[in-house]
Amino acid sequence: MENKSKAPKYEHAKIESKWQKVWAKNKTYETKEGGKKPKAYVLDMFPYPSGDGLHVGHPKGYIATDIYSRFKRMNGFNVLHPMGWDAFGLPAENYAIKNKINPEIAVKKNIKYFKSQVEKIGFDYDWSREVNTTDPGFYKWTQWIFLQLYKKGLAFESSEPINWCPSCKTGLANEDLENGKCERCGSEVEKKPIRQWVLKITDYAERLLSDLEALNWPESIKESQRNWIGKSEGSEISFPVKTKYKYVLLHGWKSDSKSCFIPWLKRELEAEGHEVVALDMPHPLIPDVVEQADYVLSKVKFDENTILLGHSLGSVVSYRILEKLKTPIHKLILVAGLIEPKFRDHDRLMAKYLMSWKFDFEKIKKNVGEIVIIEDNNDVIIPDGESAVIQRALGGLTYRLEAEKPHFCGMVEPIVLEHCLDKIKVFTTRADTLFGATYLVVAPEHPLIERLSPQITNIKEVQAYVAKTIKRTEIERTAEGKEKTGIEILGLTAINPTNGQEIPIWVADYVLPDYGTGAIMAVPAHDERDHQFAKKFKLPIIQVIGEDLPTRLENWGGAYAGYGKLVNSGKFTGMESVKAKEAITKMVRGKIVTKYKLRDWVFSRQRYWGEPIPIIHCPKCGPVPVPEKDLPVILPKVKSYEPTGTGESPLAAISKWVNVKCPTCGEKAKRETNTMPQWAGSSWYYLRYIDPKNTKALIDKKKEKYWSPVDMYVGGTEHATRHLIYARFWHKFLFDIGAVSQTEPFTQLKNQGMILGSDNRKMSKRWGNVVNPDDIVRDYGADTLRVYEMFMGPFEQGASWSSDNLMGARRFVEKVWRLAGKVSTGRSHVLGGPDKRLETLLHKTIKQATTDINNFNYNTVVSALMILANEWEKAETINKEDWLTFLKLLAPLAPHMTEELWSSLGQKGSIHLAAWPVWDESKLISDTVSLVIQINGKTRETIIIPTNLSEKEAVKMALDNDIVKKWVGVEPLKKIIYIPNRLLNLVI
RNA sequence: GCCUAGGUGGCGGAAUUGGUAUACGCUACAGACUUAAAAUCUGUCGCCCGUAAGGGAUUGAGGGUUCGACUCCCUCCCUAGGCACCA
């Protein structure tokens with residue numbers, strides 16, 4: 001009682017503001033470079049400074065890193081523990097629009113409020129390194145990284161249809177969707193083709209996946225990323241399409257219809273049922289291509305089902321033919337074709353002087369549906385790269401490969417035949433079931449439908465189905481339990497390459513256009529979806545797996561998707577699935593390939609509040625990167641920053657900013673007006689803390705090498721497949737260009753569990769269950785808040801707020817405050833004298849606090865400290881050295897109070913710079929231990945024995961015990977299990 | 001459907017990794033102090049039988065390994081999260 005009155009009252013507000021000022025003045029937590037200390041980079045995911053401010057859930061992670069960083073500092077580490085603001089992006093912008101404040105002003109205001117909230121909790125941040133993604137000095141380097149990506153071809157423009165949020169009025173990345181809805185506002189997204197910038201994150205898919213293995217991250221986050229990347233290994237297999245065409249084959253200079261591959265190709269195509277015309281053209285030695293073209297036109301009628309093939313000079317004849325046609329033909333195939341009078345071996349004077357090389361490219365393009373250009377890598381006549389020259393003039397697809405004989409002069413040229421025939425390429429992970437592929441299905445978006453439309457007899461119905469399905473949103477298309485729809489494409493059939501079977505081709509929207517090849521082989525016996533589809537449309541189902549299955553196909557409810565031995569599979573019958581995959585792929589000349597579900601990162605937003613993309617569009621030079629010396633491209637101040645919804649950002653309206661001179665040619669040009677997504681700045685901000693003031697380079701190499709990577713990264717799980725994938729991607733890219741020294745940015749990651757409201761619901765204004773940390777700090781103190789949040793339960797688990805439990809933490813803090821009154825210079829006493837038990841307990845507590853803080857098991861640290869405090873409360877006096885040790889253990893958790901008690905005992909310097917206590921292993925052992933005695937594995941008695949007693953003596957002591965005697969009786973001991981200092985089990 | 005993490009008193013949760021299950025805290029109840037209340041302090045507090053001494057069952061369910069299982073193995077149920085018509 002006397003001690004109680006001696007101690008001054010615990011006034012948290014006074015103590016906390018006092019020490020916060022002292023720490024700031026003394027720069028207690030400023031990180032200094034160099035020295036011989038090992039480093040520890042401890043990092044929080046930096047917040048959006050939203051208008052609402054923080055609720056008590058936000059600081060949970062910050063408290064955890066704060067404890068960890070203080071602990072590391074006291075253990076002799078050079079600690080980097082910074083904080084900053086992720087202030088670009090939709091939340092900040094929407095807040096600004098809603099409140100009619102310029103985003104720049106709104107963000108400044110919000111940051112000020114956030115910072116005041118954070119500072120009250122007493123974190124050890126080095127504020128001299130504070131970063132803000134909207135600061136031009138910061139986003140200069142965000143733009144710089146974009147330019148490096150652009151230079152390496154990893155940033156490109158595309159007009160593919162992307163996810164468009166009609167409410168946020170901007171394009172979105174795949175990662176920004178939640179069940180097909182905009183993650184921010186919940187609107188259903190539409191597919192809209194708008195021009196946008198895309199980052200080629202898919203180039204890094206394999207590394208992003210395989211490097212996960214070595215990371216010390218929660219398994220669930222790694223699993224999310226694995227799911228998101230979605231790797232699957234399978235085969236690409238081509239199915240020939242059976243069509244009816246008229247082929248016109250034109251031979252080259254000095255040849256005729258009997259030379260090279262022409263006769264062979266004619267036979268092969270005729271065998272497939274096509275009509276083939278191979279003409280001998282007039283004057284093969286000194287040709288006049290105009291005359292030859294007229295000759296061909298007089299002999300052959302060209303229409304939409306004609307395929308024209310020109311070999312060598314025949315290609316030039318084909319241009320002249322196409323110039324003169326009234327209606328387009330289906331396809332033009334150029335084999336070793338040419339478009340200019342250049343030759344590898346010698347000049348051909350007739351080609352140079354007797355012929356014109358001017359062509360009407362527009363007319364030619366108009367008169368042909370599809371162009372294929374095949375170049376021989378070992379050609380001796382046509383110059384290297386001629387296919388690219390032709391492609392520039394005419395478009396089409398080019399293939400550079402090795403012919404059987406140079407210049408495609410072989411009698412047999414299978415590659416030429418392959419390009420003459422139409423094919424559907426499918427991706428499958430189950431090549432072993434290929435014999436059971438009874439039909440093909442293509443996505444409604446598949447180019448084949450358009451390309452082969454003249455051959456499709458029910459084209460009207462097919463087009464109607466396509467039009468209907470393409471309009472549907474992603475959710476409608478993939479809605480669970482949805483009946484499968486589709487329509488057969490009549491007039492076309494495909495050939496199963498294993499057995500030559502003719503199979504139908506369907507179009508159905510259960511096949512997705514942007515995964516695999518946009519077409520599948522359907523194996524209804526062994527794929528649930530195909531099974532449903534086949535049942536509905538009465539398509540054949542053939543079992544090819546399961547020779548050894550107990551039940552037959554008819555008895556299965558649906559498809560059997562497992563592995564097994566093959567049946568009905570020709571020479572592969574009896575083979576195991578796994579082996580058959582490779583063997584069958586090989587037989588049909590398929591390719592083993594790897595596919596990923598990860599899509600490229602749609603990187604532009606048609607919004608105001610983001611980093612401008614540093615590109616200038618010049619009518620002459622195309623897109624030109626802004627020279628690095630001109631960075632940053634400053635986001636201009638505007639009056640109206642509301643989204644336009646037109647696919648253009650509000651920046652497009654600022655002509656003063658938009659109109660610039662092309663950096664390459666100096667002519668009039670326009671700035672890119674799209675901005676970057678909110679994830680841009682956060683993809684590299686952790687590097688900026690290392691070197692926050694650098695204006696010359698992204699980061700100083702020496703500093704980067706010292707501090708990278710982040711040793712402990714803490715944040716919420718919601719960033720699993722966005723921030724954490726994007727940042728890893730950028731980091732790997734920066735590693736590839738030599739800007740950083742590590743391949744991964746964050747070696748260890750912890751997720752804090754969410755703090756829910758006292759009603760078990762997510763804290764939100766909507767439920768009125770939000771608790772503001774300012775109120776808790778004011779009424780109970782920051783130290784109490786910190787201790788409470790750490791004591792709530794395991795760090796990675798969620799828990800709901802409870803004011804009762806908060807009081808428990810407050811009581812503990814006050815108890816510690818009161819204990820200070822018992823401190824004396826003698827040994828810790830209980831009534832009657834010094835107590836060795838308390839010494840043992842102290843050392844146990846040091847050990848537990850040390851290992852538990854290292855593992856983020858803060859709830860058990862608090863409990864251990866409580867146990868010691870409870871014991872001391874029963875003691876008369878507390879030894880001063882023991883007390884100081886205890887304060888140090890508590891210091892990371894309750895920094896203000898411990899600092900106050902530390903200094904009140906006359907200690908020099910901050911407790912937070914003191915050395916962490918070390919436990920003495922020998923002091924952990926007490927003189928006596930309680931030994932558990934079990935009879936047949938059941939606990940019956942506990943006896944106190946001297947430490948390290950031998951088995952013999954322990955058994956003797958146990959058998960002396962009355963209760964043990966009662967249980968053992970006269971039975972002989974069958975077996976004795978003795979665990980020294982712990983347990984004795986007597987089996988009778 | 002596939003994958004991942006979980007399931008322990010009235011509640012939040014501990015358990016030295018196979019060795020006394022329920023530490024620590026909250027709640028509740030009783031007592032002390034007080035004119036009274038709050039605060040504080042002290043004590044009791046998982047379940048069933050029993051006045052008690054004592055005994056029995058018990059870590060989502062069932063089975064197994066073991067002298068001994070919250071902990072390891074198998075089957076199943078439930079909760080949370082990720083992916084999902086991805087061929």
Side-chain angles (χ1 to χ4, degrees), chain A residues 1 4 179 218-232 234-235 426-430 433 437 441 477-482 484 508-512 514-523 526-530 532-533 561 595-599 717-718 720-721 751 753-754 787-788 791-794 796-800 802-809 811-812 814-815 818 844 847-848 851 857 859-867 869-870 873 924 930-942 963 974-979 981-988:
Chain A
M1 287 304 112
K4 219 178 188 178
N179 304 320
E219 196 49 44
S220 60
I221 298 280
K222 291 210 242 181
E223 195 54 30
S224 292
Q225 294 210 350
R226 281 186 207 113
N227 282 338
W228 192 256
I229 295 165
K231 178 179 180 171
S232 51
S235 312
V426 305
F427 173 69
T428 178
T429 56
R430 294 300 302 271
T433 64
V441 191
R477 235 173 112 159
T478 60
E480 212 182 326
K482 190 178 76 77
K484 289 201 172 21
D509 69 354
Y510 82 92
V511 176
L512 305 174
D514 49 7
Y515 183 77
T517 59
I520 60 153
M521 61 177 219
V523 187
H526 304 290
D527 181 282
E528 197 46 54
R529 296 151 301 177
D530 297 341
Q532 278 174 30
F533 193 81
K595 298 276 179 203
Y596 301 90
K597 286 198 265 180
L598 183 72
R599 295 278 86 103
T717 49
E718 67 274 16
T721 53
N751 294 122
M754 214 190 313
V787 168
Y788 168 56
F791 190 55
M792 283 177 101
E796 307 217 325
Q797 245 175 60
S800 40
S802 148
S803 351
D804 283 336
N805 289 348
L806 174 71
M807 274 312 300
R811 277 198 277 268
F812 168 65
E814 285 181 10
K815 185 181 280 182
R818 265 186 279 118
K844 268 189 181 163
K847 185 178 180 180
Q848 187 173 359
T851 48
N857 293 329
N859 54 333
T860 51
V861 178
V862 175
S863 123
L865 295 173
M866 281 174 170
I867 291 170
N870 289 347
E873 207 174 26
L924 293 177
S930 63
L931 183 77
V932 171
I933 298 170
Q934 297 185 333
I935 314 293
N936 288 346
K938 293 228 176 221
T939 303
R940 294 300 176 190
E941 178 64 327
T942 311
I963 293 172
K974 253 195 203 158
K975 197 171 178 185
I976 296 165
I977 291 115
Y978 181 60
I979 314 288
N981 301 328
R982 206 158 273 170
L983 169 136
L984 176 69
N985 189 5
L986 304 173
V987 186
I988 53 173

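The sequence lines fix the lettering, A, B, ..., with proteins before strands; numbering per chain opens at 1. On a predicted model such as this, the values are computed, not experimentally measured, just so you know.
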Fill in the blank from the handout: Taking B/G82, B/C67, B/U42 as options, the one with an atom nearest any side-chain atom of A/K975 is B/C67
Practice task
Could you please name the option among B/A21, B/U27, B/A87 that lies closest to any side-chain atom of A/D804?
Solution key: B/U27
Handout entry: Sugar-phosphate only, base, or nothing, as touched by A/Q934 at under 4.0 Å among non-hydrogen atoms
Key = base
Handout entry: Min side-chain heavy-atom separation A/Y515-A/I520 under 4.5 Å
Key = no
Exercise for the section: When you get a sec, tell me which of B/A87, B/U27, B/A57 is the closest nucleotide to the side chain of A/K938? Expected result: B/A57
Problem - Gap between atoms CG and P, on A/L598 and B/A84 respectively (whole Å) - result: 12 Å
Handout entry: Pairing of A/E814 and A/R811 as salt bridge, 4.0 angstrom limit
Key = no
Practice task
Using Watson-Crick or G-U wobble geometry with both distances below 3.5 Å, tell me the partner of B/U16, or none.
Solution key: none
Practice task
To the nearest Å, give me how far apart CE (A/M754) and P (B/G12) are.
Solution key: 17 Å
Handout entry: Any donor-acceptor N/O pair under 3.5 Å between B/C83 base and A/N227 side chain
Key = no
Problem - Closest listed nucleotide, where the reference is the side chain of A/L983 and the choices are B/A87, B/A14, B/G19 - result: B/G19
Exercise for the section: Just call it for A/S232: base, sugar-phosphate, or nothing, with non-hydrogen atoms closer than 4.0 Å on any strand. Expected result: sugar-phosphate
Exercise for the section: Just call it for A/R940: base, sugar-phosphate, or nothing, with non-hydrogen atoms closer than 4.0 Å on any strand. Expected result: sugar-phosphate
Exercise for the section: Using a 4.0 Å heavy-atom cut-off across all strands, classify A/S863 as base, sugar-phosphate, or nothing. Expected result: base
Exercise for the section: When you get a sec, tell me which of B/U4, B/G13, B/A84 is the closest nucleotide to the side chain of A/K597? Expected result: B/A84
Exercise for the section: Check whether any side-chain heavy atom of A/L865 lies under 4.5 Å from a side-chain heavy atom of A/F812, and answer yes or no. Expected result: yes
Exercise for the section: Would you please confirm or rule out a distance under 4.0 Å between OP1 or OP2 of B/A21 and any side-chain N or O of A/T939? Expected result: yes
Problem - C1' spacing across the pair B/C24 / B/C77, given as an integer number of angstrom - result: 32 Å
Exercise for the section: Name the nucleic acid region contacted by A/V511, choosing base, sugar-phosphate or nothing; use a 4.0 angstrom heavy-atom cut-off, strictly under. Expected result: base
Exercise for the section: Look at the side chain of A/R599 and the backbone N and O of A/D514, then say whether any donor-acceptor pair between them is shorter than 3.5 Å. Expected result: yes
Practice task
Would you indicate what A/N870 reaches in the nucleic acid, counting non-hydrogen atoms under 4.0 angstrom: base, sugar-phosphate, or nothing?
Solution key: sugar-phosphate
Problem - Glycosidic class, syn or anti, of B/G46 using a 90° window around 0 - result: anti
Exercise for the section: Just call it for A/P218: base, sugar-phosphate, or nothing, with non-hydrogen atoms closer than 4.0 Å on any strand. Expected result: nothing
Exercise for the section: For the side chain of A/Y510, starting at C-beta, report the closest nucleotide among B/C41, B/C85, B/A5. Expected result: B/C85
Practice task
Give one of base, sugar-phosphate or nothing for A/R811, where a contact means two heavy atoms less than 4.0 Å apart.
Solution key: sugar-phosphate
Practice task
Give the nucleotide from the list B/A14, B/U42, B/C24 with an atom nearest to the side chain of A/N859.
Solution key: B/A14
Handout entry: Minimum-distance nucleotide to A/M866 side chain [options: B/C85, B/C41, B/C24]
Key = B/C24
Practice task
Examine the base of B/U20 for any acceptor or donor lying under 3.5 Å from a partner atom in the side chain of A/S930, and report the outcome as yes or no.
Solution key: yes
Practice task
Among the candidates B/G25, B/A87, B/C24, find the nucleotide nearest to the side-chain atoms of A/I867.
Solution key: B/C24
Fill in the blank from the handout: To the nearest angstrom, the CG-P distance between A/D527 and B/G1 comes to 16 Å
Problem - Between B/G6 (P) and A/N751 (CG): distance, integer Å - result: 13 Å
Exercise for the section: Answer syn or anti for B/U17, where the cut-off is 90° from 0 on the glycosidic torsion. Expected result: syn
Practice task
Would you mind classifying the nucleic acid contact of A/I979 as base, sugar-phosphate or nothing, using non-hydrogen atoms under 4.0 angstrom?
Solution key: base
Exercise for the section: Find the distance A/R982:CZ to B/A21:P and express it as a whole number of Å. Expected result: 14 Å
Practice task
For the residue pair A/K815 and A/N870, confirm or rule out a side-chain donor-acceptor distance under 3.5 Å.
Solution key: yes
Handout entry: More than 12 heavy atoms from other groups under 6.0 Å of NZ on A/K844
Key = no
Exercise for the section: Quick one: label A/E796 by what it contacts on the DNA or RNA (base, sugar-phosphate, nothing), any heavy atom closer than 4.0 Å. Expected result: nothing
Practice task
Check whether any side-chain heavy atom of A/L983 sits under 4.5 Å from a side-chain heavy atom of A/Q934, and report yes or no.
Solution key: yes
Practice task
Could you check whether A/G230 gets within reach of a base, just the sugar-phosphate, or nothing at all, counting any heavy atom under 4.0 Å?
Solution key: nothing
